[in-house]
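Presented below is the structure to which this report refers.
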Amino acid sequence: MAMTMASLSFPSSLNKPTLSSSLLNPSKASSFLTKPSPKPKRALTISMSMEAGIGVMASKLGMMSFFEPDGTVVPVTVVGFREGNIVTQVKTLATDGYDAVQVGYRRVRDKKLTKPETGHLEKAGVIPLRHLQEFRLTSVEGFEPNQKLVFDEIFKEGDLVDVAGTTIGKGFQGGIKRHNFKRGQMTHGSKSHRALGSIGAGTTPGRVYKGKKMPGRMGGTRTKIRKLKIVKVDKELNVVMIKGALPGKPGNLLRITPAKIVGVNIPKN
């Protein structure tokens with residue numbers, strides 16, 4: 001049966017244009033014209049890790065063998081101290097948003113520093129220093145600018161320390177040296193000696209996964225070696241012997257802090 005337009009009935013609401021209640025109400029319509037309120041600013045967050053205590057900076061001198069009273073041979077790294085380890089600034093929660101102590105190390109001539117660096121040190125009444133590092137602490141009571149930090153007063157023989165520094169740069173290296181890969185056969189017709197080999201499948205996934213161990217630049221990065229024992233503190237020579245190897249070559253800058261031990265000087269949470 002054919003249907004005509006006359007037989008079709010439409011709702012009355014389709015024939016009349018309707019306006020939303022928000023447009024009819026001036027109080028609601030004003031909400032569309034006003035600018036949205038700005039988002040509240042996020043609070044300043046400090047991502048620097050908390051130290052177990054105040055630390056010092058030092059210079060690596062080299063390695064040697066240390067003989068204990070019972071005859072045991074211990075490989076140690078000899079660490080020396082240049083002029084420095086002076087408090088240059090004390091940061092508090094009220095002024096900087098966190099508690100930390102800034103320490104300067106290694107005296108240099110005035111012309112070796114920029115004017116902002118010189119002005120920062122002169123404000124604290126400190127001699128020109130090359131390196132400035134912060135030690136974030138839970139409390140900064142007892143520290144004041146131009147205060148000298150003595151290693152003997154902070155650490156003693158037998159303490160465990162964390163030592164951070166820059167490793168020796170090796171340049172661009174292959175997979176065998178950089179990631180300790182195994183090589184292929186050198187004889188019996190093998191044509192794969194030190195090559196990397198397969199780095200992934202073909203069609204699926206059709207790409208190389210991120211983080212794949214491949215040749216690249218090796219060394220020259222910041223690293224920390226944890227829980228090293230202080231074997232001996234020599235006040236006459238102004239050196240410290242720490243068990244094991246430390247990052248970098250002789251003359252490298254080191255950062256020595258108390259070892260973080262969960263449940264002892266670091267909370268479990």
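Throughout, residue positions are numbered sequentially from 1 according to the sequence presented. Values below: all heavy atoms of this structure, side chains included; hydrogens, waters and symmetry mates excluded.
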Given the rule that I, L, V, M, F, W and Y join up when any side-chain heavy atoms are under 4.5 Å apart, are [X] and [Y] in one cluster?
X: Ile176; Y: Met214; result: yes
X: Leu237; Y: Phe66; result: yes
X: Val150; Y: Ile86; result: no
X: Phe135; Y: Leu132; result: no
X: Val239; Y: Ile242; result: no

Subject >> Tyr105 side chain to Ser59 side chain, donor-acceptor N/O pair below 3.5 angstrom >> reply: yes
Subject >> Modelled atom types, side-chain donor and acceptor of His120 and Gln102, under 3.5 Å >> reply: yes
Quick check for you: to the nearest 0.5 Å, what is the distance between [X] atom [atom1] and [Y] atom [atom2]?
X: Met57; Y: Leu149; atom1: CE; atom2: CG; answer: 9.0 Å
X: Lys260; Y: Lys224; atom1: NZ; atom2: NZ; answer: 4.5 Å
X: Thr118; Y: Lys123; atom1: OG1; atom2: NZ; answer: 15.0 Å
X: Leu254; Y: Asn252; atom1: CG; atom2: CG; answer: 5.5 Å
X: Lys170; Y: Thr221; atom1: NZ; atom2: OG1; answer: 11.5 Å
X: Arg178; Y: Lys213; atom1: CZ; atom2: NZ; answer: 10.5 Å

**OP:** Show the numbers, then the answer: is there a side chain to side chain contact (heavy atoms under 4.5 Å, CB included) between Asp99 and Thr138?
**Re:** CA-CA 7 Å; Asp99 294 329; Thr138 56; over 6 Å; no
Original post:
Would Arg130 and Arg107 count as a side chain to side chain contact (heavy atoms under 4.5 Å, CB included) if you check the C-alpha gap in whole Å, the side-chain angles of each, and the deciding distance to 0.1 Å?
Top reply: CA-CA 6 Å; Arg130 166 64 68 189; Arg107 181 171 186 171; over 6 Å; no
Residue pair [X] / [Y]: nearest heavy atoms and the distance that separates them:
X: Leu137; Y: Phe143; answer: CD1-CE1, 3.9 Å
X: His193; Y: Gln185; answer: ND1-O, 2.9 Å
X: Ala201; Y: Pro205; answer: CB-CD, 3.9 Å
X: Val161; Y: Ile230; answer: CG1-CD1, 3.7 Å
X: Ala100; Y: Arg136; answer: CB-CA, 3.9 Å
X: Gly84; Y: Lys148; answer: O-NZ, 2.5 Å

Subject >> Stepwise side chain to side chain contact (heavy atoms under 4.5 Å, CB included) check, Leu113 with Leu121 >> reply: CA-CA 10 Å; Leu113 302 179; Leu121 296 175; 3.8 Å; yes
Counting distance only, does the side-chain N/O of [X] pair as donor-acceptor with the main-chain N or O of [Y] below 3.5 Å?
X: Ser65; Y: Pro75; result: no
X: Asn146; Y: Val87; result: no
X: Glu117; Y: Thr114; result: yes

In this structure, are over 12 heavy atoms from other groups packed under 6.0 Å from [X] atom [atom1]?
X: Lys243; atom1: NZ; result: no
X: Arg226; atom1: CZ; result: yes
X: Glu141; atom1: CD; result: no

Below 4.5 Å, heavy atoms only, C-beta onward: do [X] and [Y] meet side chain to side chain?
X: Val233; Y: Asp152; answer: yes
X: Lys249; Y: Lys60; answer: no
X: Arg222; Y: Arg255; answer: yes
X: Tyr98; Y: Lys91; answer: yes
X: Leu228; Y: Leu160; answer: no
X: Val126; Y: Pro145; answer: no
X: Val240; Y: Phe81; answer: yes
X: Phe155; Y: Pro258; answer: yes

Original post:
Is Arg106 paired with Glu83 through a side-chain N to carboxylate O contact shorter than 4.0 Å?
Top reply: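 No, Glu83 and Arg106 are not salt-bridged.
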Original post:
Under the side-chain hydrogen bond (donor to acceptor under 3.5 Å, both in side chains) rule, what pairs show up with a residue in residues 229-242, not counting sequence neighbours?
Top reply: none
**OP:** In sequence, state the C-alpha distance, the side-chain angles, and the governing distance for Val140 and Thr92, and then conclude on side chain to side chain contact (heavy atoms under 4.5 Å, CB included).
**Re:** CA-CA 7 Å; Val140 293; Thr92 61; 4.1 Å; yes
